[in-house]
Amino acid sequence: MGYNDSMKKIIASKDQFTALLADHALSNHGISTGIRTETLSGALKLKSTPVETALFQLKQTFHEKKEEFPIYRDMFIYPSFIMEIIAFTRKVIAYDIPSDTLPRRNENEKELARIVQTALSCMEWEETENRTSIQNQFAQITSDQNYCLYPHFINEPYLYEVYDSLKKTIPVITTPEVHPQVILRHGLNARQEMEAIAQDICRKGKTCNVILTSMDTQYPLLQSVFARYGIPYCTSEIIIPVHIPSVFTALLRYGVSRSVQDLQQACRVNAFGVPLDLPVQQYLFSHFTQLQTGKSIVAKMQEDAVLSHSCGLYEAMENKCTAFLEKIQPALDSIHQAEDMNEMIHACYTIMAEHPYLRDHNELKAAMQIREILSGVNEQIHTKEDISFLADYLETITVKGTYQDSPFCHVTDLTHIVPAADISYVVSVDGSSYPGVPNESGLFDEKYMEAVSGYPSQLTRNQMYISQLSWIESSATQELICSWHTNDYQGREVQLALEIEQKFGKNAEAWHLDRLSPAPLYPHTITSETAAKLFMHQGAVTGSITSVENYFRCPYQCFIQYGLHVRKPDYGSLSTNAIGNIQHSIMERSVKDFHKAYASIDEAQIRAYIDHTFALMKEASPDQAHLLDMTQERMVTGIRLTMKFLQSFENSTSFTPDQTELRFCEEIIDGVILTGVIDRLDLYGKEFLRIIDYKSTGYSLSETKVKACVQLQLLTYAMIAQKLYGITPAGVYYCSFRSETYDVPAMTKGRKEIIETDFSDEAEEERMMNQRTLKGWTFTDRTVEMDETGTHIATLKKQKDFELIRACMQEIYSIFLSRIRQGDISLSPDESACGFCSFRPICRYHGEYRKQNPLVFQDVKFSVGKD
Ligand code: SF4
């Protein structure tokens with residue numbers, strides 16, 4: 001491109017200014033003087049009424065006259081509705097369309113026409129002078145030798161006519177003619193397409209333009225993909241996401257309503273500039289529904305048998321919440337003390353002006369826009385409704401800018417013309433994205449505009465738009481690559497745009513995509529010394545049985561959780577743990593209070609045990625009160641039915657409950673100390689003991705899982721109880737609180753007849769009892785003492801050999817100890833490990849899952865009488 005002295009005033013679009021000046025400086029010893037860049041609107045001296053002025057003026061006028069507009073009056077509170085009226089009114093002025101010629105084919109259109117007439121007459125529109133200005137300035141530009149035109153895209157049809165005439169009258173800066181090779185490529189989906197383009201750019205290493213057919217949807221994808229490939233680029237105009245409008249509008253909304261919900265929203269968007277961790281935020285919103293300091297539940301919790309265990313966590317969270325509330329209190333006070341709406345806006349503005357977000361220049365730009373808007377409309381804000389309207393409008397504020405890293409690759413869209421590069425990639429030229437001709441929509445859609453005389457027809461506008469897209473064909477000197485993806489993310493087929501097919505055919509090849517195999521997983525190990533420091537204390541590993549099971553499920557998970565002590569805090573009062581603890585406490589207290597007759601307690605007694613805990617939980621989490629009520633009722637029903645079953649069981653067994661919630665800390669083998677709590681231990685004199693473990697869901701004991709070292713709990717309890725009592729275990733069982741569903745056929749077929757199912761209460765009760773039977777293993781043949789009727793223990797008649805099992809368990813704990821000592825923290829999850837693991841973001845595992853196959857005693861059966 002060459003410049004001479006006569007080219008002093010260049011008409012271009014705003015986003016081209018920097019490149020034009022830089023280009024000029026390149027050919028002028030690095031100095032850019034003697035030229036001036038102007039937009040076409042600027043050169044024509046076009047005026048525009050500030051949108052906020054029009055918005056508030058129209059809002060006020062429409063509000064005053066709302067009785068005249070029965071159809072649309074409810075829409076006047078929405079800025080987006082008035083913005084549509086403003087945009088259309090500007091078109092009416094630009095094309096000099098007489099308002100009495102606007103369509104009036106139905107009642108809606110009649111009212112719309114009156115609304116537009118009101119908009120035209122209620123204020124002075126600066127745009128009214130523009131037609132005269134265009135005529136005068138056009139003559140001036142064409143007579144001024146210093147003007148030239150740089151090709152750019154014109155979106156407004158009435159300006160395009162002027163642009164087109166100027167092109168024929170004043171010099172146009174042109175680039176050498178180019179004839180790039182046109183290539184069609186397709187990828188499977190949008191992501192693959194962008195990956196392929198990124199790879200092609202890296203392979204060829206030539207300057208390029210990437211022309212997006214939709215900046216909104218494709219740019220975020222491009223950003224992430226190009227960042228991964230390290231491709232430097234610059235952009236034409238893009239919308240930059242900013243937070244400060246949300247901050248200010250959240251403050252305004254709280255200032256108007258003073259509601260807890262709006263204050264929570266303000267905290268969510270960090271409106272006070274005091275960041276709050278997500279867990280603390282969740283706790284604050286759930287436990288401090290009034291968002292006030294000084295409200296502590298911890299002291300009461302310390303007195304509750306169930307919740308006292310969680311006090312430490314609650315206290316820590318309360319302290320964080322209180323610290324946060326104290327920090328934001330001065331800001332809240334400034335809003336609360338405002339005496340009128342203007343003072344309140346000023347208070348919110350002051351909070352925003354001190355926000356740390358403003359260190360970012362784009363956020364600062366947004367804040368300055370807010371300031372300008374406020375100073376323009378300050379006089380028109382009087383009521384709470386005005387502020388809500390203002391907040392709705394401010395929320396739509398965007399900041400436009402560019403990203404400037406390197407001119408090597410220029411990212412643009414169809415309507416922002418950029419200089420030619422070696423290669424151009426036109427992205428996603430499918431039927432729905434290309435050519436992307438803008439259509440009139442909303443209140444004044446194409447159907448409406450068709451009837452507006454004096455406004456260019458859809459065909460004219462389409463031709464204007466399409467003709468301007470010709471720049472794409474000369475945007476590359478070597479290759480013009482038109483690309484699209486053949487399927488969307490739902491797998492639906494996507495077609496190549498008809499316009500591309502007609503122009504370049506449909507002879508396309510698939511993108512060549514290099515795929516890297518996942519990075520190899522390096523074995524995770526720690527030295528024996530480190531393992532000893534992390535896991536051992538005074539020569540022994542101490543932990544829960546669950547931690548050993550978890551180790552065999554995934555050693556790496558165990559390393560993070562128990563070695564490094566990384567844990568997700570559990571603050572929720574409704575967590576599974578809390579509910580399980582309450583159920584356990586009912587069983588514990590009933591046995592302590594009533595011994596073998598514990599199961600005869602009635603509903604009132606069950607409620608007496610849990611009412612205090614639930615009341616406290618509701619006080620701690622008022623927003624979950626309804627959910628807690630439902631949980632409490634479900635729990636009472638579940639326990640009542642469980643007690644009914646247990647009462648029948650107690651009548652059928654000679655064992656008596658001896659211990660509940662028996663805490664232990666015992667060495668199971670040399671070097672492994674286990675801690676835990678046995679839910680219940682029953683005795684038959686001094687001859688046998690029996691373990692019962694309460695569960696909220698149905699469980700059964702699996703030999704494969706035991707040998708795979710992932711179901712150790714019940715059997716370890718039996719070993720520990722044997723050690724503590726010196727008595728032989730007779731059985732270990734799970735007792736479920738859950739009422740399982742079961743199928744009952746309406747009738748069954750006998751030999752000669754159809755037998756109808758008995759649905760009497762007794763029969764139903766029997767079925768309920770059957771599905772609640774205790775599941776586990778029996779080690780003795782003294783079945784009468786265990787369960788005389790034989791209807792309460794599922795596997796009473798199939799005994800297992802406890803001595804064999806004990807040997808197996810000892811081997812498992814020996815393997816555990818030896819692996820820990822060797823520092824084995826391998827990342828090798830079994831098929832059940834990852835489901836509830838929170839450490840995926842740390843481990844990033846992407847391999848195969850181990851089957852839960854036996855590790856020990858593979859060829860030995862535990863059943864009595866089998867090898
Ligand atoms: S997510 Fe799976 S592989 Fe990763 S640490 Fe957890 S259990 Fe192990």
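Indexing begins at 1, ligand by ligand and atom by atom, following the structure's order.
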Backbone N or O of E318 within a donor-acceptor pair of the T322 side chain at under 3.5 Å?
-> yes
Counting no waters, what protein N/O/S atoms lie under 2.8 Å from atom 2 (Fe) of ligand 1?
-> C834 SG
Check residues 659-678 and write down every donor-acceptor pair under 3.5 Å in which the side-chain atom is one partner and the other belongs to a residue at least two apart or another chain.
residue	atom	partner	partner atom	Å
E666	OE1	K723	NZ	3.3
E667	OE2	G671	N	3.1

For residues 546-560, which side-chain N or O atoms pair as donor and acceptor with protein atoms under 3.5 Å away, sequence neighbours left out?
residue	atom	partner	partner atom	Å
S547	OG	S544	N	3.3
S547	OG	S544	O	2.6
E549	OE2	L712	N	2.7
E549	OE2	Q713	N	3.2
N550	ND2	Y562	OH	3.1
Y551	OH	D824	O	2.7
R553	NE	S832	OG	3.2
R553	NH2	V710	O	3.2

Return each pair, listed once, that meets salt bridge (Lys or Arg N to Asp or Glu O under 4.0 Å) where at least one residue sits in residues 697-720; pairs must be two or more places apart or across chains.
-> E703-K707, E703-K800
Does any non-hydrogen side-chain atom of F816 lie less than 4.5 Å from one of V541?
-> yes
Could you tell me whether the side chain of Q281 reaches within less than 4.5 Å of the side chain of D277, counting heavy atoms only?
-> no
